[in-house]
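Below is one structure, written out as structure tokens, with a few remarks after it.
Along the sequence shown, the residues carry numbers beginning at 1. Each ligand, and each atom within it, is numbered from 1 in the order the structure gives.
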Amino acid sequence: MRRPVRIAITGSAGSIASNLLFKIAAGEMMGKDQPVILQLIEVPQAMEALRGIAMELEDCAYPLLHTITLHDNVEEGFSNAHYALLIGARPRGPGMERRDLLEVNAEIFSRQGKALNEHANRDVKVLVVGNPANTNALIASRNAPDLSPSQFTCLTRLDQNRARGILATQTGANPRDIARVIIWGNHSPTQYPDLSHATIHGHPAMDEISQDWYADEYIPQVQNRGGDIIKARGVSSAPSAAQAITDHMRDWCLGTEPGEFVSMGIVSDGSYGIEKGIIYSYPVRCNYGRYQIIQGLEISDFSRERMKKTEQELLDEMAVIEHLLPKDTADSHKNLSIRLRSGQTVTLYSDNAGPDGKSLYSETDRVL
Ligand code: NAX
């Protein structure tokens with residue numbers, strides 16, 4: 001049996017976490033042979049509710065659940081964490097402008113970034129879920145100068161799963177047989193769900209659907225799915241978000257399926273002409289606990305326009321909170337390849353996952 005890993009989770013008494021914690025304790029995220037220590041973090045007024053969740057976890061008698069600790073502050077809660085899932089965030093209140101939302105969350109995520117820098121394990125893997133997720137991840141990362149920007153990611157896997165599920169329904173395919181669906185950009189309605197490289201049973205997905213349905217129905221449906229769920233249920237997505245968090249962390253830690261891409265919000269290294277340093281959703285593949293941006297995909301004018309639009313929204317969000325970002329961490333975000341933990345540019349391993357048995361990835365230093 002392995003040594004237990006420490007997973008710190010903010011917003012632990014909220015709707016997403018209430019679904020997620022039971023999946024983690026059951027071994028769905030880190031594997032069926034990996035014991036876990038859950039370091040659950042909430043705001044002080046939610047500690048009683050959190051105690052109730054801890055009791056329910058205990059009542060499941062999960063063999064992999066080593067210990068549960070409860071915290072009303074992140075400094076204690078992040079202590080020695082190997083993984084940090086930042087789910088809690090301030091939702092938009094009545095009369096609150098987007099600018100106010102960005103600024104109020106900037107305060108929360110600055111403190112969390114500093115706490116991770118000071119207290120977490122040096123190899124901590126961070127996933128930001130709380131919205132606006134991409135910009136919150138940027139803020140946390142910029143406040144953690146001793147950690148690599150590549151340790152900070154944000155969740156766009158829910159968007160990818162939605163894109164796959166909706167395509168499966170339309171074509172009658174099993175979601176398992178659909179691969180290489182990509183989400184580019186922001187976790188917001190400007191995101192671009194891209195099917196140009198997607199396959200169904202290994203054949204181009206675009207051959208199975210019409211361009212009109214893709215452009216006029218499919219893309220807006222994926223982009224607005226979160227809002228449609230709130231309209232229908234009266235509450236935002238929770239079980240599907242918990243599933244997506246599980247998928248994101250499992251793939252990052254244990255590796256992606258051979259030949260498959262998954263989408264993750266990660267710091268841009270300038271790939272595909274996207275501004276360096278912003279947190280942008282890219283197609284990646286993961287192995288040995290690292291991720292690599294899939295390089296060399298052909299980008300049509302149709303795609304380019306949409307990738308730029310969502311990039312622009314992220315630049316606008318960054319402009320709103322720029323004055324709150326520490327200046328001295330800007331360079332580490334823009335010069336990623338020299339910020340590898342080893343301090344050197346490295347040659348990638350070759351995994352024969354590319355076309356004709358050649359590696360797609362061996363000629364780049366973009367290992368993150
Ligand atoms: P809930 O309101 O049910 O739960 C949030 C919990 O976070 C609350 O219990 C609250 O007390 C706690 N919290 C707030 N600030 C905190 C802080 N500073 N430290 C610790 N805990 C804190 O929201 P839920 O439905 O669980 O959603 C959580 C966040 O995920 C929201 O920001 C939501 O917008 C975002 N989402 C992001 C998604 C993504 O794909 N990136 C999809 C799902 C979801 O909409």
Side-chain angles (χ1 to χ4, degrees), residues 8-21 39-54 70-78 81 84-93 96 98 101-102 104-116 126-140 152-163 183 185-191 193 222-231 233-249 262-266 279-281 314 317:
I9 303 165
T10 71
S12 279
S15 317
I16 296 176
S18 303
N19 288 277
L20 175 69
L21 296 176
Q39 303 183 177
L40 307 183
I41 307 163
E42 257 298 345
V43 294
Q45 29 323 356
M47 291 308 285
E48 193 53 20
L50 188 57
R51 226 166 54 79
I53 291 180
L70 309 185
H71 309 270
D72 64 4
N73 67 87
V74 283
E75 288 73 19
E76 229 179 73
F78 289 158
L85 312 179
L86 312 188
I87 302 176
R90 178 80 79 81
R92 196 192 296 223
M96 212 174 175
R98 190 163 174 81
L101 181 76
L102 282 161
V104 82
N105 278 299
E107 264 174 53
I108 295 173
F109 285 84
S110 299
R111 177 174 165 189
Q112 297 190 353
K114 290 188 182 102
L116 286 165
V126 183
L127 169 61
V128 176
V129 179
N131 278 318
N134 299 55
T135 298
N136 288 342
L138 174 74
I139 293 163
F152 289 78
T153 66
C154 84
L155 188 72
T156 54
R157 183 59 173 264
L158 177 54
D159 307 299
Q160 182 196 314
N161 287 352
R162 285 167 173 165
I183 303 295
N186 201 359
H187 169 67
S188 81
T190 66
Q191 67 177 263
V222 177
Q223 288 172 328
N224 297 309
R225 189 68 156 188
D228 290 346
I229 288 170
I230 294 175
K231 269 188 223 145
R233 286 190 69 193
V235 291
S236 66
S237 336
S240 56
Q243 182 61 49
I245 294 168
T246 308
D247 292 343
H248 176 112
M249 293 306 295
V262 295
S263 293
M264 286 167 60
I266 56 171
I279 304 278
Y280 190 92
S281 178
L314 284 166
E317 286 185 13

Taking distance alone, with N or O pairs closer than 3.5 Å, would you say Ala133 contacts ligand 1? no
Any idea which heavy atoms bring Ala8 and Ile41 closest together, and the distance? CB-CD1, 4.2 Å
Give the atoms of ligand 1, by number and element, whose distance to some non-hydrogen atom of Gly130 is under 4.0 Å. 29 (C), 30 (O), 32 (O)
Heavy-atom distance from atom 2 (O) of ligand 1 to the protein below 4.0 Å? no
Closest to atom 37 (C) of ligand 1 among protein heavy atoms sits Val129 O, 3.0 Å
Which heavy atom in Asn131 sits nearest to a heavy atom in Ala89, and how many Å separate them? O-CB, 3.9 Å
Met264 vs His248, test: side chain to side chain contact (heavy atoms under 4.5 Å, CB included). Steps then yes/no. CA-CA 7 Å; Met264 286 167 60; His248 176 112; 3.4 Å; yes
Expected output: side-chain Thr10 to main-chain Ile87 donor-acceptor under 3.5 Å: yes
What is the closest protein heavy atom to atom 23 (O) of ligand 1, and at what distance does it sit? Ser15 N, 4.5 Å
Can you tell which part of Ile87 has a heavy atom less than 4.0 Å from ligand 1: side chain, backbone, both or neither? both
Among protein heavy atoms, which sits nearest to atom 22 (C) of ligand 1, and what does the distance come to when rounded to 0.1 Å? Val43 CG1, 3.7 Å
Where on Ser236 is there a heavy atom closer than 4.0 Å to ligand 1, on the side chain, on the backbone, on both, or on neither? side chain
Checking Arg111 against Glu75 for the salt bridge (Lys or Arg N to Asp or Glu O under 4.0 Å) test, could you report, in this order, the C-alpha distance in whole Å, the side-chain angles of both residues, the deciding distance, and whether it holds? CA-CA 9 Å; Arg111 177 174 165 189; Glu75 288 73 19; 2.9 Å; yes
What side-chain donor-acceptor pairs closer than 3.5 Å can you find for residues 12-21, not counting sequence neighbours?
from	atom 1	to	atom 2	distance (Å)
Ser12	OG	Ile9	O	2.8
Ser18	OG	Gly14	O	2.6
Asn19	ND2	Ser15	O	2.9

I need the atoms of ligand 1 closer than 4.0 Å to a non-hydrogen atom of Gly11, numbered in the order shown. 6 (C), 7 (O), 12 (C), 20 (C), 21 (N)
Tell me if a side-chain donor or acceptor on Asn134 pairs with a main-chain N or O of Ile279 at a distance below 3.5 Å. yes
Among Leu50, Ile53, Asn73, Leu70, side chain to side chain contact (heavy atoms under 4.5 Å, CB included) partner for Glu42: Leu50
Below 4.0 angstrom from a heavy atom of Ala89, which ligand 1 atoms are there? Numbered from 1 as shown, please. 14 (C), 15 (N), 32 (O)
Worked check of side chain to side chain contact (heavy atoms under 4.5 Å, CB included) between Val126 and Leu116: CA-CA 9 Å; Val126 183; Leu116 286 165; 4.0 Å; yes
Given that the side chain starts at C-beta and the backbone is N, CA, C, O, which of these parts of Leu158 lies under 4.0 Å from ligand 1, counting heavy atoms, or is it both or neither? side chain
Nearest non-hydrogen protein atom, atom 27 (O) of ligand 1: Ile16 CD1, 3.4 Å
Which protein heavy atom lies closest to atom 34 (O) of ligand 1, and at what distance to 0.1 Å? Asn131 ND2, 2.8 Å
Heavy atoms only: which of His187, Arg162, Arg157, Gln112 is nearest to atom 39 (C) of ligand 1? His187
Considering heavy atoms of the protein only, find what lies nearest to atom 8 (C) of ligand 1 and give residue, atom and distance to 0.1 Å. Glu42 OE2, 3.5 Å
Nearest non-hydrogen protein atom to atom 4 (O) of ligand 1, with distance, is Gly14 CA, 3.2 Å
Arg162: which residues meet the salt bridge (charged side-chain N to carboxylate O under 4.0 Å, His left out) condition with it, sequence neighbours left out? Asp159
Counting from 1, what ligand 1 atoms have a heavy atom of Gly88 closer than 4.0 Å? 7 (O), 13 (N), 22 (C)
Relative to ligand 1, is Ile108 under 4.0 angstrom through side chain, backbone, both or neither, heavy atoms considered? side chain
Between the side chains of Ser281 and His187, is a donor N or O closer than 3.5 angstrom to an acceptor N or O? no
